[in-house]
Number of protein chains: 2
Amino acid sequence: MAAESPEAPDGRRLAVMEDVAAMAGVSAMTVSRVLNAPEKVRPQTRARVMAAVRALDYRPNSAARVLATGRSGVLGVVSFDTTLYGPASTVFSIEQAAREHDYTVSIVSLSSLNRRSIGEGVERLRGQSVDGIMVVAPHESAADGLKELPADTPLVAVGAGADVPFPVVAVDHRAGAERAVRHLLSLGHESVLHLAGPADWVDASGRTDGWRAALEAAGRSAPVPPAGDWSARSGYEYGRQIAADPEVTAVFAANDAMALGLLRALREAGREVPGDVSVVGFDDVPEAAYFPPPLTTVRQNFGEVGRRAFDLLLDRIGGVSAERSRRVVEPELVVRESTGVPRGT
Amino acid sequence: MAAESPEAPDGRRLAVMEDVAAMAGVSAMTVSRVLNAPEKVRPQTRARVMAAVRALDYRPNSAARVLATGRSGVLGVVSFDTTLYGPASTVFSIEQAAREHDYTVSIVSLSSLNRRSIGEGVERLRGQSVDGIMVVAPHESAADGLKELPADTPLVAVGAGADVPFPVVAVDHRAGAERAVRHLLSLGHESVLHLAGPADWVDASGRTDGWRAALEAAGRSAPVPPAGDWSARSGYEYGRQIAADPEVTAVFAANDAMALGLLRALREAGREVPGDVSVVGFDDVPEAAYFPPPLTTVRQNFGEVGRRAFDLLLDRIGGVSAERSRRVVEPELVVRESTGVPRGT
DNA sequence: TCCCGGCTCGTTAGCGCAAACATTCGCGTG
DNA sequence: CACGCGAATGTTTGCGCTAACGAGCCGGGA
């Protein structure tokens with residue numbers, strides 16, 4: 001025996017399929033069919049069963065269904081710090097897509113990231129019998145964690161780098177950065193400085209690559225850039241370092257928060273934006289249009305990322321082998337008022 | 001018969017408890033005990049079982065356990081738009097607290113809120129046999145949705161208003177707003193304008209109440225304030241309206257994003273902050289310290305909210321009846337550079 | 001010596017559902 | 001009017017686990 005019979009909120013025993021069957025005068029199997037394949041049941045019978053379902057406020061026990069079918073209707077998401085704008089938006093859009101297809105989403109939100117934590121997160125979810133897993137962990141080191149997983153786990157890596165043994169959906173950070181830098185060069189800037197994101201982030205390295213590629217394509221040199229930590233504070237500190245240098249006329253910050261700090265440091269130092277220095281960010285957070293001045297930045301379409309990731313995962317669950325496929329979402333340059341022609345041009 | 005035997009990633013059948021039992025030379029029941037109540041098994045036997053568990057890479061099937069025990073180890077969270085800073089932070093801290101206690105979190109993220117959507121979200125989760133539910137929906141109308149639920153559902157309403165038939169954990173918006181306004185009055189401001197949040201939000205009405213209470217306590221009048229929509233844009237639009245009025249020396253915006261827009265409008269109109277006008281926000285988003293100028297604001301401790309909500313829910317699941325109890329988390333005024341004595345004082 | 005109590009482990013019996021197979025029914029056909 | 005065939009419904013079985021109880025074994029005390 002097991003399971004102290006759970007009680008309905010009103011104190012009566014929760015109805016099970018057998019109860020519905022009894023009330024409708026059919027077998028439990030017919031009730032099951034009404035719920036899962038209504039077209040196989042005569043309309044008249046179906047109506048009787050549905051009436052009983054409503055009368056008893058019956059709802060199927062998902063655990064029993066999972067046990068019997070092997071499918072749970074739950075997707076797992078392992079994500080790094082969901083208070084950050086990017087991960088939060090991605091997870092949100094995944095959840096929307098999943099809900100539209102009647103999947104529920106279970107989430108594990110990592111506050112620190114290392115090889116072990118990814119594996120633990122995935123394990124936690126597999127322990128809950130999820131049908132498939134998304135990993136939203138835009139870190140280079142996340143790849144190591146993923147490599148230790150069985151390669152045919154139904155898993156999609158969102159925003160992961162190359163060299164991951166799973167299908168990947170990611171924003172083309174490199175192309176976005178190239179667009180940003182080309183925009184600055186086309187305005188007449190001699191060169192463009194770059195404040196990179198944390199070294200371990202795929203997003204950061206992609207943006208740095210794009211910056212470098214655009215500069216080198218234009219025949220400019222691109223030394224190793226300093227790295228911030230995505231925070232406004234790190235942008236501010238970098239800004240203080242470069243504010244005194246009159247040679248600096250354009251800066252590409254790897255995200256909007258750092259750009260905000262940068263703007264502040266430049267203003268404090270008396271350098272005007274975009275008069276003296278042009279600044280470009282990345283993300284297009286909702287506030288970017290109200291930065292001082294409104295920020296030129298690169299918008300990522302997180303909704304698209306979530307939808308594609310979900311579709312891909314659905315394919316994998318359905319058995320479609322899309323190993324190591326990679327889908328790329330193109331970001332878009334949004335020009336506002338923080339960029340302009342350099343003074344004296 | 002049922003469930004096409006699921007295969008392990010390496011192609012073999014996934015090990016079940018019986019397999020472990022056979023390898024260890026014990027019964028399945030003993031394996032179960034080793035996993036759930038190790039102290040009831042002789043250390044020597046326990047070691048044999050654990051060895052077999054590792055050898056077969058056995059992991060218990062959660063659906064079967066749920067079916068047998070009636071408990072799932074999953075908590076459901078219904079939240080409004082998790083891309084907003086507040087809800088995202090709250091959900092994040094709930095997930096952290098849950099994970100520490102070996103609970104998994106399933107999430108339903110609502111993009112629009114009405115009486116129906118809350119109920120649907122809760123239904124979805126109940127259909128997944130969650131042990132308990134958190135509703136993070138700081139809307140007045142959410143209360144209506146909650147009232148339609150059976151009152152003894154193990155549910156905790158996070159950030160809900162009064163008059164909800166469930167335990168509530170919430171930030172004391174009113175007290176936070178009072179602190180903000182008293183701070184401005186104590187600097188010598190004759191009065192304080194207020195840009196409220198959307199009418200339907202509990203957070204918004206609480207902050208408005210606090211603003212009014214502080215003003216009236218000081219003998220000032222407090223007319224009905226205009227309401228924004230939390231966005232920087234709405235703060236900007238309000239700022240344009242008031243920028244021309246020299247009587248205005250202090251504004252309390254109901255959140256930081258609106259304060260940002262406000263700051264921008266004031267600057268464009270040539271009014272200095274805090275020289276001409278002082279501004280206070282609410283939230284203390286990570287970027288607030290880098291606004292132009294660094295924003296005086298009210299910090300909410302979302303981590304504390306999440307932890308308390310989780311503890312409360314655990315009590316409810318455990319059968320502790322804490323009906324309609326209300327736990328309040330105190331916010332904290334963070335004074336930065338956007339507030340100062342009014343000019344001419 | 002025998003008996004009893006405690007510890008360890010096994011046996012039985014479901015939890016609620018759906019897959020596979022069995023059966024019944026209705027109806028058109030020869 | 002018997003037959004056959006497909007559609008509608010029923011019966012059986014088992015998914016993997018654990019609650020409840022029962023059996024075996026040991027040692028200590030009468």
Side-chain angles (χ1 to χ4, degrees), chain A residues 1-8 13-22 24-50 52-53 56-73 126-129 131, chain B residues 1-8 13-22 24-50 52-53 56-73 126-129 131:
Chain A
M1 207 123 337
E4 67 298 348
S5 64
E7 304 225 327
R13 193 174 151 287
L14 225 43
V16 299
M17 198 174 265
E18 195 59 52
D19 303 330
V20 177
V26 298
S27 75
M29 195 59 234
T30 298
V31 177
S32 173
R33 269 190 281 257
V34 169
L35 266 29
N36 299 311
E39 76 283 358
K40 293 190 178 171
V41 178
R42 197 151 39 107
Q44 183 188 338
T45 317
R46 201 189 305 162
R48 281 215 316 285
V49 170
M50 287 311 296
V53 163
L56 297 172
D57 190 28
Y58 168 75
R59 46 201 98 211
N61 178 314
S62 70
R65 178 191 264 132
V66 174
L67 192 55
T69 63
R71 298 192 349 96
S72 67
R126 299 219 303 174
Q128 294 290 345
S129 321
D131 290 342
Chain B
M1 208 121 337
E4 68 298 351
S5 63
E7 303 225 328
R13 194 174 150 288
L14 225 42
V16 299
M17 197 174 265
E18 195 58 52
D19 303 330
V20 176
V26 298
S27 75
M29 195 59 234
T30 298
V31 176
S32 173
R33 269 191 282 258
V34 168
L35 266 27
N36 300 310
E39 76 283 359
K40 293 189 178 171
V41 178
R42 200 152 36 110
Q44 184 187 338
T45 316
R46 200 189 306 163
R48 280 215 318 283
V49 171
M50 287 310 297
V53 164
L56 297 172
D57 190 29
Y58 168 74
R59 48 200 97 211
N61 177 313
S62 69
R65 178 191 263 134
V66 174
L67 193 55
T69 63
R71 300 194 344 98
S72 67
R126 298 217 304 174
Q128 294 291 345
S129 320
D131 290 342

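All figures in this text were calculated on a predicted structure; none of them were measured in a lab. We name chains A, B, ... by the order of the sequence lines, and we start the count at 1 in each one.
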Worksheet entry | Length of the line joining B:Glu39:CD and C:dC9:C1', which is rounded to integer Å | 15 Å
Item to complete: Taking only the side-chain nitrogens and oxygens of B:Thr69, find out if one of them lies under 4.0 Å from OP1 or OP2 of D:dA19.
Response: no
Worksheet item: Should A:Arg65 be listed as having a side-chain N or O under 4.0 Å from OP1 or OP2 of C:dA18?
Response: yes
Worksheet item: Say you draw a straight line from CG of A:Leu35 to CZ of A:Arg59; how long is it, rounded to the nearest 0.5 Å?
Response: 12.0 Å
Worksheet item: Between C:dC9, D:dC17, C:dG16, which nucleotide gets closest to the side-chain atoms of A:Ala68?
Response: C:dG16
Response to the item:
Quick note, B:Thr45 side chain, CB onward, closest among C:dC17, C:dC9, D:dG16 is C:dC9
Worksheet item: How many angstroms lie between OG in B:Ser27 and CZ in B:Arg33, if you round to the nearest 0.5 Å?
Response: 6.5 Å
Discussion item. With side-chain contact (heavy atoms from CB on, under 4.5 Å) as the criterion, how do B:Val31 and B:Val34 come out once you've worked through the C-alpha distance, each side chain's angles and the decisive distance to 0.1 Å?
Written reply: CA-CA 5 Å; B:Val31 176; B:Val34 168; 5.6 Å; no
Worksheet entry | Distance in angstrom units between A:Leu67 CG and C:dC15 C1', rounded | 9 Å
Worksheet item: Which part of the nucleic acid, if any, lies within contact of A:Ser27, taking any heavy atom under 4.0 Å across all strands shown: a base, the sugar-phosphate backbone alone, or nothing?
Response: base
Practice prompt. Rounded off to whole Å, could you give me the CZ-to-P distance for the B:Arg33 and C:dT8 pair?
Written response: 10 Å
Fill in: Minimal non-hydrogen separation, B:Leu67 against A:Ala64, with atom names
CD1-CB, 3.7 Å
Worksheet item: Quick one: is C:dC9 close enough that its OP1 or OP2 comes under 4.0 Å of any side-chain N or O from B:Arg42?
Response: yes
Worksheet item: Would a distance-only check, ignoring hydrogens and angles, find a side-chain to backbone donor-acceptor pair under 3.5 Å from B:Arg48 to B:Ala24?
Response: yes
Worksheet item: How long is the line joining CE of B:Met29 and C1' of D:dC17, in whole Å?
Response: 9 Å
Discussion item. Whole angstroms only, please: what is the CG-P distance between A:Asn61 and D:dC15?
Written reply: 18 Å
Discussion item. Can you tell me if A:Thr30 touches the phosphate of D:dG10, counting only side-chain N or O atoms and a distance under 4.0 Å to OP1 or OP2?
Written reply: yes
Worksheet item: Roughly, in whole Å, what's the span from CD in A:Gln44 to P in D:dA7?
Response: 18 Å
Worksheet, complete the sentence: Atom NZ of A:Lys40 and atom P of C:dA20 are separated, to the nearest Å, by 10 Å
Discussion item. Please report the distance, rounded to the nearest Å, between CE in B:Met17 and P in D:dA19.
Written reply: 10 Å
